[in-house]
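None of these values were measured; they are calculated from a predicted model.
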Amino acid sequence: MEKSLKYRLALVTVILVVAFTSLVPSVKYDYGNNKSELPEWWTDGFLSGVLPQKHLTLGLDLQGGMDVVLGVNAEQAVVNELKYITEVIGDYFKDRDVKYTSLELDAKAQAIKVVFPDREVMEKGARVISKNFASLVIKEGEDTLKQTYTLRESEKRHVLSKSIDQVREILARRIDNLGLTEPEIAVQGDNQIRVQLPGRQDPERIKKILRESGKLEFMIVSGVGRTRESVEQQTGAKPQGMNLVTWQDPTRPDFKVECYFTMDVGVSEGPVPPRRRLAEGKESMEDQAGATCYLLTEEMMVSGKDLKDARPGYDPNNTYASVVNFQLNMKGAQRFGKLTGENVQERLAIVLEDKVVTAPVIQSKIFNRGQITGGFTQEEATDLANVLRSGAMDVSIIIEEERTVGATLGADSIHKGQVAIFWGFIVVILFMGVYYSIGGLIADFALLMNLVLIMSALSFFGATLTLPGIAGLVLTVGMAVDANVLIFERVREELRTGKTPRASIEAGYAKALWTILDANITTMIAALVLLQWGTGPIKGFAVTLALGIVSSLFTAIVVTRVVYDLIFSTQKDAKLRIGISLEPAADLEGKR
């Protein structure tokens, strides 16, 4: 046996062993119950670091699961950015002694409006803004005392894109913390995110986790009242001695809170005073009847952005309730210590998702640790801690579309895919065997090895197999023998010229090589384009198609050649049978 043949035979053998080993985790996986059935010596033995552990994952369309499309209020991100810039402009004006009559954000118009007392101050203020805030462009009032600034279009697009990416990353962290396998989270369009979660899920729990913004705030309570709805349901009219106070979230025109407060709280009828806001209680946490409403100081010193960690725990005063224990970072701890130290015996509201979950009285100065109580179940506390750890979103999101794929439908798709692959494989094998005889059987062996290599590669990398992926496998079955057909036809042409079988094989492979590469490279380019710009199912098709191209090239050019060389090395007078009886060209000419 030639030395080069030994090396090639060893290479093929090693690849086959690795391929079959990589398939074991997928073969020994219970997809119905989502658990591995690998033996302990495989997963925890001394060979566990060498043996493959990843299994082939079934996509949403094969094992069922949830498919949710979330709409992101990306415009809110622009308002939030302008709100931040408005506060910074106020600080700049203060440091540079620029007087102004008013400085406010118009959330509806997405603009910052500034009014100056005279022209000299206006020009000074305009210079400060143009020099330090390149993202702003003046919209109107350049020559008047009232000026309006908006974000540049390029800056708006940047803010919107950054907001969408932030939401996607936060959702990915939340889902990862739940331990869900193989989620797919992708940006769709300008302001949508598609979340696909294969496997059995609790739809309501998942939707709640996806919807929550994770917005956590700590504020001092200035007064406690009742929501307008609860009071008027009980009394039927405005109660005596109470004022109806309203608060409109400037970043969300549709979010409005209306509450009744007694006059001694210090708020009058109408909108809340500056730097104050209203928030409803998550539950009725007061002794009075009706839903609780809180008047809070809006000068928030500590927020969820200062969190270092959040973990579920148990309420020492109620063994049936769970709590969330949180820890602040160094900067947050300093602020929290100052906030609680200056407000001992005052009530501290812990505001989550714009609702007060608890408002305990501050007994002493608190630094970096605290507790959120609210009568949570263990699952609610776990989910809340997960949301807080994952980070807060600056924008609100809504579920625009949801779809649940049942496991029965997935099982039916798998069955039909298996049937398609089986019959496609059988038809190709029979055709090759009948038409190309022994050569066809060698090609059939390569085809079988090709399927093994594709499935083992998907399993080795823990890839997700989808229904379009199965379509890619079916297509690969047909494409895999193309190279062998080209080689066989070239070999038959060489045999007709009177060359020996071995010389015909060598010439056939050499002359067909570039044609085979050209055909497969063009197909690979198409697969890579689909992989780069496709989403979801299209990527699944592209992955199996690309793997099929690489695998079929290896099996058709390398494996079948090794088989032929092995035959000729063991049988010097081996006859080459490629389907039909072939005669040298000279004999054919003599018979004409």
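The OG atom of Ser459 sits 13.5 Å away from atom CD1 of Ile454, with the distance rounded to the nearest 0.5 Å. Note that CD1 of Ile170 is 11.0 Å distant from CZ of Arg168, once rounded to the nearest 0.5 Å. For the atom pair Ile138 CD1 and Ile129 CD1, the distance stands at 8.0 Å (nearest 0.5 Å). Atom CD1 of Ile549 and atom OG1 of Thr523 lie 5.0 Å apart (nearest 0.5 Å). Rounding to the nearest 0.5 Å gives a distance of 5.5 Å between CZ of Phe116 and CD of Gln147. To the nearest 0.5 Å, atom NZ of residue Lys156 and atom CD of residue Gln110 are 5.0 Å apart.
Taking the side chain as every heavy atom from C-beta outward, Lys83 and Glu87 approach each other to under 4.5 Å. Counting heavy atoms from C-beta on, the side chains of Leu151 and His158 never come closer than 4.5 Å. Between Leu160 and Ile164 the shortest side-chain heavy-atom distance does not fall below 4.5 Å. Arg347 places a side-chain heavy atom less than 4.5 Å from the side chain of Val224. The shortest distance between side-chain heavy atoms of Val272 and Val267 does not fall below 4.5 Å. Residues Asp67 and Arg194 meet the side-chain proximity criterion, which asks for heavy atoms closer than 4.5 Å. Counting only heavy atoms from C-beta outward, the side chains of Asp309 and Arg311 approach each other to under 4.5 Å. Between Val221 and Glu346, every side-chain heavy-atom pair lies at or beyond the 4.5 Å cut-off.
Between Phe218 and Phe326, the ring planes are tilted. Angles from 30° to 60° get that label.
Across all their heavy atoms, Leu105 and Ala111 have their closest contact at CD1-O, 3.3 Å. What you find for Leu145 and Pro117 is that their closest heavy atoms are CD1-O, 3.9 Å. Shortest non-hydrogen contact noted between Pro468 and Phe541 is O-CD1, 3.4 Å. Scanning both residues, Ala359 and Tyr294, for their nearest heavy atoms gives CB-CE2, 3.9 Å. The nearest pair of heavy atoms linking Val344 to Gln363 is CG1-O, 3.6 Å. Of all non-hydrogen atoms in Val128 and Asn132, the two that sit nearest each other are O-ND2, 2.8 Å.
For Lys331, the side chain to side chain contact (heavy atoms under 4.5 Å, CB included) partners at least two apart in sequence or on another chain are Asn329, Arg335. Tyr84 is linked by a ring pair (Phe, Tyr, Trp, His ring centres under 6.0 Å) to nothing, counting only residues two or more places apart in sequence or in another chain. Checked against side chain to side chain contact (heavy atoms under 4.5 Å, CB included), Ile366 has the following partners two or more places apart in sequence or in another chain: Phe336, Thr340. Listed by chain and residue number, nothing satisfies the salt bridge (Lys or Arg N to Asp or Glu O under 4.0 Å) test with Lys54 (two or more places apart in sequence, or in another chain). Judged as a ring pair (Phe, Tyr, Trp, His ring centres under 6.0 Å), and not counting sequence neighbours, Tyr260 has no contacts. Residues satisfying the side chain to side chain contact (heavy atoms under 4.5 Å, CB included) criterion with Glu123, sequence neighbours excluded, are Arg119, Arg127. Glu229 pairs by the salt bridge (Lys or Arg N to Asp or Glu O under 4.0 Å) definition with nothing, not counting sequence neighbours. In this structure Arg276 satisfies the salt bridge (Lys or Arg N to Asp or Glu O under 4.0 Å) test with no other residue, sequence neighbours excluded. For Glu155, there are no side chain to side chain donor-acceptor pair (under 3.5 Å) partners two or more places apart in sequence or in a different chain. Scanning for side chain to side chain donor-acceptor pair (under 3.5 Å) contacts around Thr544 gives an empty result, with sequence neighbours left out. Applying the side chain to side chain contact (heavy atoms under 4.5 Å, CB included) criterion to Ile521, with sequence neighbours excluded, gives Leu517, Ile525.
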Item to complete: Please test Tyr92 against Phe133 for side-chain contact (heavy atoms from CB on, under 4.5 Å), starting from the C-alpha separation and ending with a verdict.
Response: CA-CA 11 Å; Tyr92 268 76; Phe133 300 92; 3.9 Å; yes
Worksheet item: Should Asp106 and Ile112 be marked as a side-chain contact (heavy atoms from CB on, under 4.5 Å) after you check the CA-CA gap, both sets of side-chain angles, and the distance that decides it?
Response: CA-CA 6 Å; Asp106 186 341; Ile112 299 173; over 6 Å; no
Practice prompt. For the pair Leu528 and Met524, evaluate side-chain contact (heavy atoms from CB on, under 4.5 Å) and give the outcome as yes or no after the intermediate values.
Written response: CA-CA 6 Å; Leu528 293 178; Met524 176 64 81; 4.1 Å; yes
Practice prompt. Go through Ile89 and Tyr149 one step at a time and tell me if the side-chain contact (heavy atoms from CB on, under 4.5 Å) criterion holds.
Written response: CA-CA 12 Å; Ile89 289 176; Tyr149 291 90; over 6 Å; no
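Panel note: side chain Thr86, backbone Leu82; a donor-acceptor pair is recorded below 3.5 Å. Judged by distance alone, with hydrogens and angles left aside, the side-chain atoms of Glu258 form no donor-acceptor pair with the main-chain N or O of Trp247 at under 3.5 Å. With hydrogens and angles disregarded, a donor-acceptor distance shorter than 3.5 Å links the side chain of Glu269 to the backbone of Leu244. Between the side chain of Arg152 and the main chain of Ala134, a donor-acceptor pair closer than 3.5 Å is present. Side-chain atoms of Asp118 come within 3.5 Å of backbone atoms of Glu120 as a donor-acceptor pair (strictly under, hydrogens ignored). For the pair Ser163 (side chain) and Val159 (backbone), a donor-acceptor distance under 3.5 Å is absent.
A side-chain contact (heavy atoms from CB on, under 4.5 Å) with Ile193 is found for exactly one of Leu210, Asp165, Val69, Ile185, namely Ile185.
Among pairs with a residue in residues 88-98, those fulfilling salt bridge (charged side-chain N to carboxylate O under 4.0 Å, His left out) read Asp97-Lys99, at least two apart in sequence or across chains.
No more than 12 heavy atoms of other residues, nucleotides or ligands lie within 6.0 Å of NZ in Lys308, so this atom counts as exposed by the packing criterion.
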